[in-house]
Amino acid sequence: MAKDQHNPARYTITAALPYTNGPIHIGHLAGVYVPADIYARYLRLTGNDVAFICGSDEHGVAISMKAKKEGVTPKEIIDKYDGIIRKSFEEFGITFNNYSRTSRDIHHKTTSDFFKKLYEQGDFIEKTTEQLYDSEAKQFLADRFVVGTCPKCGHEEAYGDQCENCGSTLNATDLINPKSTISNAVPTLKETKHWFLPLDRHEDFLKEWILESHKSDWKPNVYGQCKSWIDDGLKPRAVTRDLDWGIPVPVEGGEGKVLYVWFDAPIGYISSTKEWAEREGKDWEPYWKSEDTKMVHFIGKDNIVFHCIIFPAILKAHGGYILPDNVPANEFLNLEGNKLSTSKNWAVWLHEYLQEFPDMQDVLRYTLTANAPETKDNDFTWKDFQARNNNELVAIFGNFINRVVVLTNKYYEGVIPNPSEFSKVGDFGYAKKIPDNYIKFPRTLPFSGSWPKINEFSTFGQQVPSR
RNA sequence: GGCGAGGUAGCUCAGCUGGUUAGAGCGUCGGAUUCAUAAUCCGGAGGUCGGGGGAUCGUGCCCCCCUCUCGCUACCA
């Protein structure tokens, strides 16, 4: 079936899977979940078939490491945060059709099958390389889990990937007196074999698909980032890791290794869709395989390469899958002038907000939408939060609605009068534009420029009775 | 360091392929009003469009240099 951009048969909307090493904060909401939810709600209200898909991302070395440090199992970590995240989304009112977990069987099987199929088709290459190894903990180390003295500035607690003191990018092997953050052992180099996805093989299709067909409809930050990757020349990317936490590599020689979390996470969108379809008695396949489906990935700007280059390459290699029509990556939200940070505990956590501001979901939704970081990083301040609530939601919009009710009761005995009387009131040019301004806006991405209209609209409404 | 995206009124943002006095919402100042006055309506003031060069009859928008922020550059996600 031919794809009709303006009238797709159904929509598959995904929101980045939250990583379960911490709760959800306002930055996640502003950049991903609130815009995705607005889009999904709008499409449903206008009669579209929508699958709004999400779930917890529960694998990866960061969770494994966190568990080790806290002396608990990875399972305990993911259960804890999946619980908090799941509950806070529910209470906040993000209307996912399904919220799954990448630790579930359905996801392990889906991902495993995906890997096997690519493996059998010869879509991977195998390479043996030398990696840093902690012989005490018996574990390979990612660069960030090695600390030592920075060779450039002498800072004694530089990470293997970057020195936070002087900001320079490092290789873990450059550090003076390197040691593992797990056991304090001195890392050694050890050989290991991994499977790589040769992105260079997919360069031609990515070039055409992104650089040519999405030059004008993708956001500049997304397009620019993709172009940068493609122009630099794509390289093979490892899709397996030496780790005991994750989805086991399902082919010969993969013992003791797991799939790279970024290989399995996006496939989580697919398994979550399957889970939903099973529960609802639907067929999941059209949502991922039919050309008349429109798929949109909502993500933060740090995820662009995975959703625009790597995942599409995986889908394309597999065959039979559609690719996203758009990937509206948002920028980041700061809090009172500083970067949000889970590890530094600098954030407004959603579950805490819900406790401290009961029944005030809409206030936060409004503030985060009005202040959405669509083209650049924005700053959330409590002062602004207060001002938007008091001045805009309560004073302008709230008063307008209240006034409509008061006047309707007072002059029309509570019954909405016949609209024909409006013809006496003169210029209604603005009213005629309302459908364009309010009904159509979320059809295009991003949503920028739509929010001030709630105030304009209220002002217009306030003027009417005096005419 | 390399690459990408940003730096437009006090705040949050628009500004199409360069073309009359750079726009909106909120805030601010002044006036009006009553069905909402811990509100609303009307009007005004506020920008050398990050800085410096250049090309052009003419640029916020093009070219060069510099600067600040964030992201990617890594086996963190």
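Quick caveat, the model's predicted, so the values are computed rather than measured. Here is the naming used below: chain letters follow the sequence lines, and residue numbers restart at 1 for every chain.
Distance check on atom P: rA22(B) versus rC49(B) gives 11 Å, rounded to whole Å. When the C1' atom is used for both rC66(B) and rG30(B), the distance is 44 Å, rounded to whole Å. rA9(B) sits 14 Å from rG60(B) when the C1' atoms are compared, rounded to a whole Å. Using C1' as the reference atom, rU8(B) and rG47(B) are 7 Å apart when rounded to the nearest Å. Spacing between rU67(B) and rU20(B) at atom P, rounded to whole Å, works out to 33 Å. Comparing the C1' positions of rG50(B) and rA5(B) gives a spacing of 16 Å, expressed to the nearest Å. One C1' atom belongs to rA74(B), the other to rC64(B), and the distance between them is 33 Å to the nearest Å. On the P atoms, rG46(B) is 36 Å away from rA36(B), given to the nearest whole Å.
Counting all heavy atoms, side chain and backbone alike, I314(A) lies closest to L197(A) at CG1-CD2, 3.7 Å.
Checking Y353(A) against Q361(A) by side-chain atom types alone, no donor-acceptor pair falls below 3.5 Å. Side-chain N/O atoms of T73(A) and E76(A) include a donor and acceptor closer than 3.5 Å. Judged by distance alone, the side chains of H194(A) and D242(A) do bring a donor and an acceptor atom under 3.5 Å apart. With 3.5 Å as the limit, one finds no donor-acceptor pair spanning the side chains of Y19(A) and H59(A). Looking at K190(A) and S135(A), their side chains never bring a donor and an acceptor atom within 3.5 Å of each other. Of the N and O atoms on the side chains of H107(A) and S103(A), not one donor lies less than 3.5 Å from an acceptor on the other residue. T111(A) and D264(A) share no side-chain donor-acceptor pair at under 3.5 Å.
Within the nucleic acid shown, K339(A) comes within 4.0 Å of sugar-phosphate atoms alone, with no base atom in reach, counting heavy atoms only. Residue N391(A) is in sugar-phosphate contact alone, with no base atom involved, counting any heavy-atom pair closer than 4.0 Å across all strands shown. Using a 4.0 Å heavy-atom cutoff across all strands shown, A238(A) reaches no nucleic acid atom at all. Looking at heavy-atom distances under 4.0 Å, F306(A) makes contact with a base. Using a 4.0 Å heavy-atom distance criterion, N334(A) is classed as making no nucleic acid contact. Nucleic acid contact for V61(A): sugar-phosphate only, since backbone atoms but no base atoms lie under 4.0 Å from a heavy atom of the residue. Residue-level contact check: T129(A) touches the bases, meaning some heavy atom is under 4.0 Å from a base atom.
For D384(A) and R388(A), the salt-bridge test passes: some basic side-chain N is under 4.0 Å from an acidic carboxylate O. Contact check on K376(A) versus E331(A) returns no salt bridge, with no Lys/Arg side-chain nitrogen under 4.0 Å from an Asp/Glu carboxylate oxygen.
For the ring pair (Phe, Tyr, Trp, His ring centres under 6.0 Å) with F124(A), the lone residue among Y119(A), W195(A), F115(A), F196(A) that qualifies is F115(A).
Distance N338(A) CG to rU69(B) P: 13 Å, rounded to the nearest Å. Whole-Å rounding puts the F400(A) CZ to rC41(B) P distance at 10 Å. Computed from coordinates, the F385(A) CZ to rU12(B) C1' distance equals 16 Å when rounded to whole Å. Per the geometry, CD belonging to E58(A) stands 14 Å off P belonging to rA77(B), to the nearest Å. Here the P atom of nucleotide rU73(B) and the CD1 atom of I230(A) are 15 Å apart, to the nearest Å. The nearest whole Å value for the distance from the CD1 atom in I396(A) to the C1' atom in rA38(B) is 14 Å. When rounded to the nearest whole Å, the span between CG of N371(A) and P of rC11(B) equals 13 Å. As rounded to whole Å, 16 Å separates atom C1' of rA39(B) from atom CZ of F397(A).
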Expected list for residues 27-35 of chain A: side-chain donor-acceptor pairs under 3.5 angstrom, two or more places apart:
from   : atom 1 : to     : atom 2 : distance (Å)
H28(A) : ND1    : H25(A) : N      : 3.0
Y33(A) : OH     : A16(A) : O      : 2.5

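By the 6.0 Å and 45° rule, R241(A) stacks over the aromatic ring of Y260(A). F205(A) carries K316(A) over the face of its six-membered ring, with the cationic atom under 6.0 Å from the centre and within 45° of the normal.
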Heteroatom pairs (N/O) under 3.5 angstrom, protein to nucleotides 3-6 of chain B:
from   : atom 1 : to      : atom 2 : distance (Å)
rC3(B) : O2'    : S228(A) : OG     : 2.5
rG4(B) : O2'    : Q225(A) : N      : 3.3

What's touching nucleotides 62-64 of chain B from the protein side, N or O pairs under 3.5 Å?
none

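The stretch residues 191-208 of chain A has no heavy atom under 4.0 angstrom from RNA chain B at all.
Counting heavy atoms from C-beta outward, K301(A) and N330(A) have side chains that stay 4.5 Å or more apart.
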Bracket string, RNA chain B, 5' to 3' - pairs by Watson-Crick or G-U geometry under 3.5 Å, | interstrand: (((((((..((((.....[...)))).(((((.......))))).....(((((..]....))))))))))))....
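Taking the O4'-C1'-N9-C4 or O4'-C1'-N1-C2 dihedral as appropriate, rG46(B) has a value within 90° of 0 and is therefore syn.
With distances taken from any side-chain atom of A142(A) to the nucleotides rG71(B), rC76(B), rC26(B), the minimum falls on rC76(B). Side-chain atoms of R237(A) lie closest to rU73(B) of the nucleotides rA39(B), rC35(B), rU73(B).
Residues meeting the side-chain contact (heavy atoms from CB on, under 4.5 Å) test with W346(A), sequence neighbours left out: L335(A), E336(A), N338(A).
In terms of position on RNA chain B, the residue among N303(A) and A387(A) whose nearest nucleotide sits closer to the 5' end is A387(A). Heavy-atom nearest nucleotides on RNA chain B were determined for F332(A) and for L243(A), and the one closer to the 5' end corresponds to F332(A).
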